[in-house]
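First comes the structure, then the notes that go with it.
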Amino acid sequence: MRRVLGAILVIMALAPLAWASREGGVVLYDRVEVKFFNDGKQVWREEQAIKVLNMKGVKEQGEVVLPFSTKHQKLKVLYAHTLLPNGQKLKPTKEAYNIVSPPFESQAPIYSDLKYQTISMPGVTPGATICYAFELKTVKPYMKGHFWAANYFQERYPVKESSMEVRIPSGRKVIIKAYHMEGVNPQITREKGYVVYRWKVTHVPALEEEPSMPPTDELAKKVVITSLSSWDQVAQWYRSLALNALKPDKRVREAVKEITRGDRDRGDAISRIYNFVAQNIRYVGMEFGINGYKPHKAGEVLENRYGDCKDHATLLIAMLSVIGVKAYPVLIPTRDIADTDPSLPTPGAFNHEIAAIKTDKGFIFMDTTAEVTPFKNLPPGDQGRRVLVVEGKKGILTRTPLFPPTSNVEGYQSQIHITPQGTLMGTLTFFYRGAYADSERYTLITATPQAIKRHVERLATSITPGFSVESYHISPYKDLDHPQVSITIRGKDRLYATPTAHLLILHPPAPAYTRLASLVASKSRTYPFVVGYKMTKKARVVLHIPEGYRVYLIPEDYRFHNDVGSLRILWRKGERSIQFTCQLVLDRATIPAELYGQLRELFNLTVKALKNQVLILEKLPQRKAEAIPFKSKLSKRPKAS
């Protein structure tokens, strides 16, 4: 059973003492039994014993958290106790058992059927073992006559023993797929009208934690089961759930009329509706399926002014239908989970919902839960994912676009004057597009005026410490119709260049991108490096040469290219100015482990090359004054009388 919170790690186990300093605990056993019924109901029983190794484990395992739906499921805790190192068994008191609401329920009461069964475990100390078991019955199937489930045999703790027993009604066709379970085949028997599958693994190492690694869901040993045979079935099921909710009522029609007033172009009207939903409907962040799959009616979402992902998509589709634009629900696995396996049709493949418009050139995907992402763009987590477009009774598997590096730009340009004393004066402009614009827009929208001022000052000092900001201007970042966000800063730094008797020595006042080196500090990796998007970082500096100086030393141009990206540094000399440009391009959103060395080389070379850019200006020699003959009026000889 997949946990919503990290307080319970589903499948952990024993390993040699080498892991003791890394992991907070070890699961001695994780035993799962699942029984499916032809009507779609199921019974899931699970028992675990987790040994706590250190204070990290105390924090992680002290609270057992079991999510369930009051509409669809019944949860029963079979037992729970803490086994101390001396053999003493401590049972939680009645007060330790609590059913609580999600933290967002007070702000979003329409999701009140999602509850958490919590158990505060007593006596949790290093060396103690937490033991518990529960039974979760699905009494109201999410899809009548069908079932699906997944079990994970590996996560962030080591595994001593993990097993799963699945009972499927005889004659029922199912698809069962195992991932990363090489050499582990199920035992299959027939017992009393059921086909029984049994898997068991032992001594499974914990997944190694690495920065920017793929989701655990993509790496872990797991088994997935579905009774569905096609994606059309998934599409037809979701269509039946959402059909009534997608109908616009009077409230929706009146809102659309007001939002699109004065728009003659349909594209403008679509953009206005998208912007309205993105910026006025508060997003309640729950994964698709956690609170069920049926969206609320579009009119209710509009009136409440909040909703989860499926509510956002539903309202957007309903509002677009008012202006005659057909849009479709899109079920999507974000980069937080594994990508969709085309051979395994199941609603469990998705954790998010967006919407799409079909055009002659393909689909335009829209995610209004990303309130800072403009129309026709997508947040990085939605890009390059295999999605299911619910087009009527058809389910269309396709991919969202993975935008090119030119779409995600962190840019900088400046016009700089240097005085003979080494003072820098001028304007610094930071501009952002794509994923970088989303991040910058969010920073600005959520900041106070004082915080924005501090943010501007931090940007300026990232170019040159000690830069004194005299004024600044920010583009209309709240307007999603302006996809680029820019900040222009005017000011000076009195101690930028180093003056000597005859020279001015300085670096180009541009970003150094030093953080890139820290991202690839490790020499090697086990898993791919996930950036999530392709990107470009570029800078352009025009530096005006002070009067009385000329260029003494200018660096050579530098170019580098490998299988993951490229770096280009160019210098151009004008009559009284010098232009410096730098461009780093990352051509891959995910770098395989075997190409990590090339990513490391690219990022480290970028930081080193920029650090080594030194410009030297030379003071012009003063021209000596020419001797001019002096003629006095008195020297003129008088005429003879």
Side-chain angles (χ1 to χ4, degrees), residues 4 67-73 101-116 138 140-144 234-259 273-323 325-332 334 347-348 350-357 365-371 382 387-392:
V4 176
F68 68 101
S69 167
T70 56
K71 284 185 179 180
H72 295 271
Q73 298 170 319
S101 300
F104 48 74
E105 188 195 358
S106 61
Q107 298 178 333
I110 60 176
Y111 304 111
S112 58
D113 70 301
L114 178 65
K115 301 294 182 183
Y116 296 154
T138 300
K140 184 180 179 182
Y142 290 103
M143 186 188 302
K144 189 175 181 180
V234 179
Q236 292 163 14
W237 161 75
Y238 187 72
R239 178 178 179 271
S240 68
L241 292 178
L243 196 59
N244 289 331
L246 291 169
K247 295 177 181 178
D249 61 12
K250 183 180 178 181
R251 294 169 293 186
V252 174
R253 290 191 295 271
E254 289 179 350
V256 171
K257 183 178 179 181
E258 182 63 29
I259 293 166
I273 291 172
Y274 171 91
N275 292 351
F276 172 83
V277 178
Q279 296 183 312
N280 293 276
I281 306 301
R282 179 167 52 86
Y283 174 51
V284 180
M286 287 192 298
E287 289 187 355
F288 180 80
I290 291 297
N291 189 61
Y293 298 90
K294 187 174 182 178
H296 294 88
K297 292 182 179 179
E300 295 176 0
V301 179
L302 178 64
E303 184 173 341
N304 291 330
R305 293 298 176 102
Y306 66 78
D308 65 5
C309 60
K310 56 186 181 288
D311 295 331
H312 261 258
T314 296
L315 177 58
L316 178 62
I317 293 168
M319 297 183 86
L320 290 174
S321 71
V322 175
I323 62 170
V325 174
K326 181 66 176 175
Y328 305 96
V330 179
L331 309 185
I332 175 173
T334 66
F350 311 108
N351 66 337
H352 192 43
E353 181 179 338
I354 59 177
I357 299 171
F365 295 96
M366 304 168 290
D367 187 351
T368 55
T369 67
E371 73 273 20
D382 292 356
V387 301
L388 182 70
V389 180
V390 181
E391 187 177 351

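Only heavy atoms go into these numbers, but all of them, side chains included; no hydrogens, no water, no symmetry mates. If you're wondering where the values come from, they're calculated on a predicted model, not measured in any experiment.
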| task | Quick one: closest heavy-atom pair of C309 and T369, and the distance? | result | CA-CG2, 3.8 Å
| said: Please report the interatomic distance OH(Y238) to CE(M143), rounded to the nearest 0.5 Å. | reply: 12.0 Å
| message | If you compare all heavy atoms of G307 against all heavy atoms of I281, which two are closest, and at what distance to 0.1 Å? | response | N-CG2, 4.1 Å
| request: Evaluate the side-chain proximity of V390 to Q236: yes if any heavy-atom separation is below 4.5 Å, no if none is. | output: no
| Minimum heavy-atom separation for I259 to F276, with atom names? | CD1-CG, 3.4 Å
| field | S69 side-chain N/O to K71 backbone N/O, donor-acceptor pair under 3.5 Å | value | yes
| request: Hey, could you give me the CD/CG distance between E371 and N275, rounded to the nearest 0.5 Å? | output: 12.5 Å
| Do the non-hydrogen side-chain atoms of K326 and S321 ever get within less than 4.5 Å of each other? | no
| message | For W237 versus Y142, what's the shortest heavy-atom pair and its separation? | response | NE1-O, 3.0 Å
| query | Does H72 use its side chain to pair, donor to acceptor, with the backbone of K140 at less than 3.5 Å? | reply | yes
| task | Could you tell me whether the side chain of D308 and the main chain of V284 form a donor-acceptor pair under 3.5 Å? | result | no
| For R253, all residues meeting salt bridge (Lys or Arg N to Asp or Glu O under 4.0 Å), sequence neighbours excluded | none
| Derivation and outcome, side chain to side chain contact (heavy atoms under 4.5 Å, CB included), residues F350 and L388 | CA-CA 9 Å; F350 311 108; L388 182 70; 3.7 Å; yes
| message | Can you tell me how far apart CG (D382) and CZ (F365) are? Round to the nearest 0.5 Å. | response | 10.0 Å
| message | For a quick test of reading the model, state the closest non-hydrogen atom pair linking V252 to M319 and the distance between them. | response | CG1-CG, 3.7 Å
| request: Could you tell me whether a side-chain N or O of D249 sits under 3.5 Å from a main-chain N or O of R251, the two making a donor and an acceptor? | output: yes
| task | Tell me yes or no: between the side chains of S101 and K115, is some donor less than 3.5 Å from an acceptor? | result | yes
| query | How many angstroms lie between atom CD1 of I357 and atom OH of Y274, to the nearest 0.5 angstrom? | reply | 11.0 Å
| query | Is there a side-chain contact between I273 and L316, using heavy atoms and a 4.5 Å cut-off? | reply | yes
| query | Looking only at heavy atoms, what is the nearest atom pair of A318 and P248, with distance? | reply | O-CB, 3.8 Å
| task | Answer yes or no: is there a donor N or O on one side and an acceptor on the other, between the side chain of N280 and the main chain of V277, under 3.5 Å? | result | no
| task | State the CG-CG distance between L315 and L320, to the nearest 0.5 angstrom. | result | 9.0 Å
| Nearest 0.5 Å, what's the CG-CZ distance between L246 and R239? | 9.5 Å
| Is a side-chain donor or acceptor of E303 paired with a backbone partner of G299 at a separation under 3.5 angstrom? | no
| field | Heavy-atom donor-acceptor pair, H312 side chain to I354 backbone, under 3.5 Å | value | no
